[in-house]
Amino acid sequence: MTERYNVQAAETKWQKIWADKKTFQATEDRTKPKYYVMSMFPYPSGRIHMGHVRNYTLSDVVARFKRAQGFNVLHPMGWDAFGLPAENAARDRKIHPAQWTYENIKNMRAELVRMGLAIDWSREFATCDPSYYKHQQKLFLDFLKVGLVDRKESWVNWDPVDHTVLANEQVIDGKGWRSGAPVEKRQLSQWFLKITAYADELLAALGTLDRWPEKVRLMQENWIGKSAGARVRFSLMETAQSRLREAQSSRAQDIEVFTTRPDTLFGASFIALSPNHPLAAQLAQKDAKLAGFIAECNRTGTSEAVIEAAEKIGYDTGLKAQHVFEGQGALPVYVANFVLMEYGTGAIFGCPAHDQRDLDFARKYKLPVKPVVLPPGEDAKNFAVGTEAYTGPGVIYNSQFLDGLEVEAAKQKAIAEIEKRKAGTGTVQFRLRDWGISRQRYWGCPIPIIHCESCGPVPVPEKDLPVQLPEDVSFDRPGNPLDHHPTWKNVACPKCNKPARRETDTCDTFVDSSWYFARYCSATNSDKPVERSQADYWLPVDKYVGGVEHAILHLLYSRFFTRAMKITGHVGVDEPFAGLFTQGMICHESYKDEKGQWLYPEEVQKNADGTAQHVKTEKPVTVGRSETMSKSKKNVVDPGKIIDSYGADTARLFMLSDSPPERDLEWTDAGVDGAWRYLNRIWRKAAEAQLPPVGSPLPTQFTDKGQKARRAIHRAIADVSRAFEQFHFNVAVARVRELSNALDELDAQSANDMHVLREGLEALAQLVGPMLPHVAEDMWERLGHKTLLCDTPWPKADPTLLIDETVTIAVQVNGKLRATIMMPRNTAQKDAEAAALADPNVQRAMDGKPAKKIIVVPNKIVNVVA
RNA sequence: GCGGGCAUGACGGAAUUGGUAGACGUAUCGGACUUAAAAUCCGAAGCCGGAAACGGCGUGCCGGUUCAACUCCGGCUGCCCGCACCA
């Protein structure tokens, strides 16, 4: 008798209909407002994981909701397809990176299609397609023309076994993650994108991104790291000058330092150079001990743990520098391991009293500690610095012309004096560095440059793009396969036609993802990276959804790229993403067997008493806390299997229920069952109800139950719409469930009520549509509609049904709830007061005392102060 | 070290932003249907006391503002995240 919802059949059916009708293909329809929503595109690892499911469900709800609201929606998908794992697969499994990647894409696309996403698949691309990276090469050349590309030397982590540069994350305990060999620091000539040219602008514009999470903006702000200070030159003293002249024929130089605390210059007791400072290198040529010290510093890793534990050590060069201000004598010049060459000038002045690192260093090398900032309430005679540097506010003393000034004023004055003496300038320093994009790898976008012995680096002429990756490469020896290729790199110089060599480095994969959102606008255009009119129509992205792990690099690079693309005329906007949403992670309990080996959830059976055992061996299993799903801990659930047994809608509903999208979500089987039950429940309701035909006019009078249900229906429409707007999908689910509970109250015997039930079920189908698109379409059809639900305009709440004519008013006595009274809406204040005071519970609570004061909030509360 | 976030029943969470705390769901318990189970439906439930009416307590802790505080302010505690020898 009762029919059951056939998930698999229904989901396949609707997916096919959407695809056949090209429902979600977008064009630049200028009669409608546009809405561009996208998820961060996946790396084609081979399978989708739960994080993907959550990500795409979120953007899909937005896409479908906005579409129903009448927006012209673009919701695209692509593949972040270059990267190291493909090369690892090539090495480990003897399969070509391209083959591996495209097979993975094929599998993952099929899984995404099964999720029933409202995606315009006609715009799909992979970044490893020459038809994509060809445009990227063009962008590189355009950026080069306007001076946003630079070639310079930089220090890198070098793996001497794999012959490649490693990212910091690939250096584990100072060793290469694959080779296990100790990583060396090397100087290498690399291509850079000059993101620092936009440091100030990228920082300032964060203020305009009011639809970004505060947290992400702060992270970017810290990353850009603007600090105001001064560059100050310390001249080397006579004896030192002569020593240097001995060491090197060139003339001796000054030492320039950067400081944010020019107000503490009178507290200086030493100068410290980075081990990689040019002057240190110069001295090391004649000083074997110094050379050894520098080598030692470069051997020590840069990992956080190492830095944490590392002691501050230095080497006294014997040089003396003249203090910028008179009468301050000479300062010893050290080379110190804690000074970074990459920041500021690679040299500092040490003021031990007011900087903890300098203090540690000074104590170790018995250097003077002279306080120059007097903390409030301290006495100048008695104040001394012990083991903790004083970095707080105060008044400057022991500092000649700065004496008596507050810290900020003293900074200004000090800078003015330095500038007057031509010993330096006030300046702004950024923590942000230029973006090194060269990678010694095969599976990436080739950098379109040809190196010629006589002409230097020459851009590849645009007519020769793309510079395509050769297919016949071998991964059987370490290093860059492009470099080993017998013929690929041999080309004629485009300028002088002499034999020349191609650049064999490829782009960092972050380059690929820095402009893909723009490419979606013109994905089928083969002439240009983006067609300006299309970009102008769609950009910026209205809502970008993805993991917070990309809060800095990817999002910052994309912001930079967009500016660079604007300057080179490709787009018209500065900011790529007007709205950003960062989703939480998916967590699951983890399990270990007796031997401490991780187990998959499906290998574990839970017992009633809370213990757990292995499904097969029945040996006890330790249940660990719920933590982020990761392959290494095996606490993962395969979305494919969930979709197989419960369908996509169940997975989607579970993702949206309970946990707010920005928070972590714990995956539980019980939660999945709950979602599954609910979707069957509403489907049954739509399929079994005996309703008046589609389009029957609503009666003008309703039963009490009917009237109540109608209020619930319109309340739900209003609340769910608001919840969607606010990204509170868990609330939307709760409101939808309340609506289905309310519809259960209707009387199946009442023909009048059944009109209301039709209204309610149609609203219900529409409200769940963005979240459960398949069930919703199926319900819509069962309700007798011939059109697609997803083409149906979003329902509007009847405002007259949103206000109750009877309200429940809470009555408090001295702020404590004592009674609730039912009153007609907008009852006069004094009537509400009278009714409240007449309530027996209220009288009892007042205990015969007179009311001193009565506060009435209309239709809400009466508070009697007795 | 610097920057930021969070804390509400057994659990996930809600509270239109100062106005009835615990919506909605999970798990639990009781009932109906069933030979039985599953599914489904109905009901109970913050904690303490009470048969109940009702009363007391209650949003991490301490204090403040207010007629009224999960919400605002000050001070703690505990977890979580980002950056980190950035001068």
Side-chain angles (χ1 to χ4, degrees), chain A residues 2 4 213-223 225 227 229 257-261 264 272 274 302 304 306-308 310-312 336-340 342-351 354-358 360-361 391 429-433 548-549 551-552 585 654 657-660 662-666 668-675 677-678 680-681 684 718-719 722-723 726 728 730-741 744 808-820 840-841 844-845 851-866:
Chain A
T2 46
R4 289 196 61 166
E214 180 68 21
K215 172 187 167 147
V216 174
R217 288 187 289 166
L218 275 161
M219 281 162 73
Q220 292 211 351
E221 192 182 317
N222 292 337
W223 188 262
S227 38
V257 305
F258 172 73
T259 178
T260 56
R261 295 297 303 272
T264 63
S274 163
T302 48
E304 288 152 40
V306 174
I307 288 164
E308 187 88 36
E311 201 187 352
K312 293 184 182 22
N337 65 343
F338 67 94
V339 182
L340 305 173
E342 302 86 53
Y343 185 76
T345 59
I348 60 158
F349 82 83
C351 174
H354 305 293
D355 182 287
Q356 193 59 46
R357 290 159 308 183
D358 297 347
D360 295 345
F361 191 81
T391 56
Q429 182 68 42
F430 291 94
R431 181 187 171 282
L432 184 70
R433 323 250 165 90
V548 71
E549 66 274 18
I552 298 174
M585 311 265 229
F654 175 71
S657 309
D658 297 346
S659 291
E662 68 277 11
R663 273 197 228 173
D664 286 355
L665 176 147
E666 160 132 39
T668 60
D669 293 344
V672 178
D673 282 337
R677 280 201 299 269
Y678 181 67
N680 280 286
R681 180 180 157 205
R684 254 194 328 268
D719 287 353
R722 197 183 58 227
Q726 298 178 337
H728 293 169
N730 55 323
V731 180
V733 172
R735 296 294 169 256
V736 155
R737 297 185 97 125
E738 278 179 286
L739 173 59
S740 14
N741 290 345
D744 281 347
T808 308
I809 295 176
V811 184
Q812 301 179 333
V813 177
N814 295 329
K816 278 191 178 155
L817 181 74
R818 294 299 170 183
T820 56
N841 282 339
R844 182 145 30 86
K852 280 189 224 148
K853 191 175 174 187
I854 304 181
I855 288 104
V856 180
V857 181
N859 302 319
K860 283 238 162 108
I861 212 161
V862 175
N863 190 6
V864 181
V865 187

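Labels below follow one simple rule: chain letters A, B, ... track the order of the sequence lines, proteins then strands, and each chain is numbered from 1. All values derive from a computational prediction rather than experimental measurement.
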Worksheet entry | Dot-bracket encoding per residue of RNA chain B, Watson-Crick/G-U cut-off under 3.5 Å, | denoting interstrand | (((((((..(((......[....))).(((((.......))))).((((....))))..(((((..]....))))))))))))....

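Dashed line: the shortest gap from a side-chain N or O of A/R217 to OP1 or OP2 of B/G4 is not under 4.0 Å.
Nearer the 5' end of RNA chain B, as judged by each residue's closest nucleotide, is the contact made by A/N222, out of A/S227 and A/N222. The 5' end of RNA chain B is approached more closely, in terms of each residue's nearest nucleotide, by A/L218 than by the other of A/K816 and A/L218.
For A/L340, counting side-chain heavy atoms from C-beta on, the closest listed nucleotide (B/G13, B/C85, B/G19) is B/C85. Of the candidate nucleotides B/A84, B/A87, B/C67, B/A84 has the atom lying nearest to any side-chain atom of A/R431. When the nucleotides B/U26, B/G82, B/C24 are ranked by their closest atom to the side chain of A/A670, B/U26 comes out on top.
Separating the CZ atom in A/R357 from the CG atom in A/D360 is a distance of 9.5 Å, to the nearest 0.5 Å. Note that the OG atom of A/S274 and the OH atom of A/Y343 stand 14.5 Å from one another [nearest 0.5 Å].
Base orientation for B/U17: syn, the chi torsion being within 90° of 0.
The two atoms that bring A/D664 and A/S659 nearest to each other are O-OG, 3.7 Å, heavy atoms only.
Judged by distance alone, with hydrogens and angles left aside, A/K312 brings a side-chain donor or acceptor within reach of the base of B/C85, the pair sitting under 3.5 Å.
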Pairs: protein N or O with nucleotides 39-45 of chain B N or O, under 3.5 Å:
none

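Residue contacts shown for A/G225 are absent, as no nucleic acid heavy atom lies under 4.0 Å away.
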